[in-house]
Amino acid sequence: MSDVTGHLASSNTAPIAQSQPVNPASAAPVAPVVVQPIVGLSAVDPNIVARKKFSSALANGRALVRAGIYMPARERFNRIVSGAPGTEIATEAQQELNAIANK
């Protein structure tokens with residue numbers, strides 16, 4: 001008897017077993033897989049998510065303040081405060097707004 005390459009198979013090889021259909025009633029029950037979020041990942045930490053989303057807006061707003069261009073700076077800071085309420089970056093943006101309130 002020859003194998004797939006055409007070489008003669010050795011006599012000590014075991015025959016390939018035929019797969020048998022499984023009776024669902026006799027199969028062992030399978031436990032359901034429960035997927036739970038892992039706490040501590042950046043995807044679930046609102047401060048990290050907000051920082052990634054709004055850090056450039058905060059930097060741009062600060063640069064505008066240094067240049068004396070206050071209205072566009074206010075727009076950026078307000079966008080951060082309304083877009084990420086209760087986060088550290090929103091607190092920073094609010095502090096920037098307070099600092100330029102009279103300008």
Side-chain angles (χ1 to χ4, degrees):
M1 179 165 133
S2 63
D3 64 6
V4 210
T5 61
H7 294 55
L8 290 177
S10 65
S11 60
N12 61 356
T13 59
I16 298 174
Q18 295 286 329
S19 62
Q20 299 295 322
V22 177
N23 180 357
S26 66
V30 177
V33 177
V34 178
V35 179
Q36 295 179 353
I38 300 172
V39 178
L41 293 180
S42 64
V44 296
D45 186 347
N47 284 307
I48 294 174
V49 173
R51 179 77 55 188
K52 286 180 181 179
K53 184 173 181 180
F54 293 110
S55 62
S56 60
L58 183 64
N60 289 339
R62 287 175 171 162
L64 288 166
V65 168
R66 284 191 300 274
I69 306 171
Y70 299 109
M71 188 52 87
R74 282 187 188 92
E75 291 170 3
R76 281 161 181 79
F77 297 142
N78 280 320
R79 189 176 330 135
I80 296 167
V81 171
S82 64
T87 62
E88 295 167 356
I89 197 165
T91 302
E92 291 177 46
Q94 186 62 56
Q95 291 169 348
E96 296 290 340
L97 282 168
N98 294 343
I100 62 171
N102 297 323
K103 295 183 181 194

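Values reported hereafter were calculated over all heavy atoms of this structure, with side chains retained and with hydrogens, waters and symmetry mates removed. In this text the structure is predicted, and so the values were computed from the model without any measurement.
Side-chain heavy-atom separations under 4.5 angstrom define the hydrophobic clusters, and the remaining members of the one that includes Ile69 are Leu64.
Ile80 is not connected to Ile48 by any chain of hydrophobic side-chain contacts under 4.5 Å among Ile, Leu, Val, Met, Phe, Trp and Tyr, and they are in different clusters. When the side chains of ILVMFWY residues are joined at heavy-atom separations under 4.5 Å, either directly or via intervening members, Ile89 and Val49 end up in two distinct hydrophobic clusters.
Here the CE-CD1 distance, from Met71 to Ile100, works out to 9.0 Å after rounding to the nearest 0.5 Å. Atom CG of Asn98 sits about 11.0 Å away from atom CZ of Phe77, to the nearest 0.5 Å.
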Indicate every side-chain donor-acceptor pair of residues 81-88 with a distance under 3.5 Å to a residue at least two apart or in another chain.
{"from": "Ser82", "atom 1": "OG", "to": "Asn78", "atom 2": "O", "distance (Å)": "3.0"}
{"from": "Ser82", "atom 1": "OG", "to": "Arg79", "atom 2": "O", "distance (Å)": "3.3"}
{"from": "Thr87", "atom 1": "OG1", "to": "Ala84", "atom 2": "O", "distance (Å)": "2.6"}
{"from": "Thr87", "atom 1": "OG1", "to": "Ala90", "atom 2": "N", "distance (Å)": "3.4"}

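Every salt bridge (charged side-chain N to carboxylate O under 4.0 Å, His left out) that Glu96 has, sequence neighbours left out, goes to Arg62.
Contact of the Arg76 side chain with the Leu58 side chain is not registered, since no non-hydrogen atoms from C-beta on lie closer than 4.5 Å.
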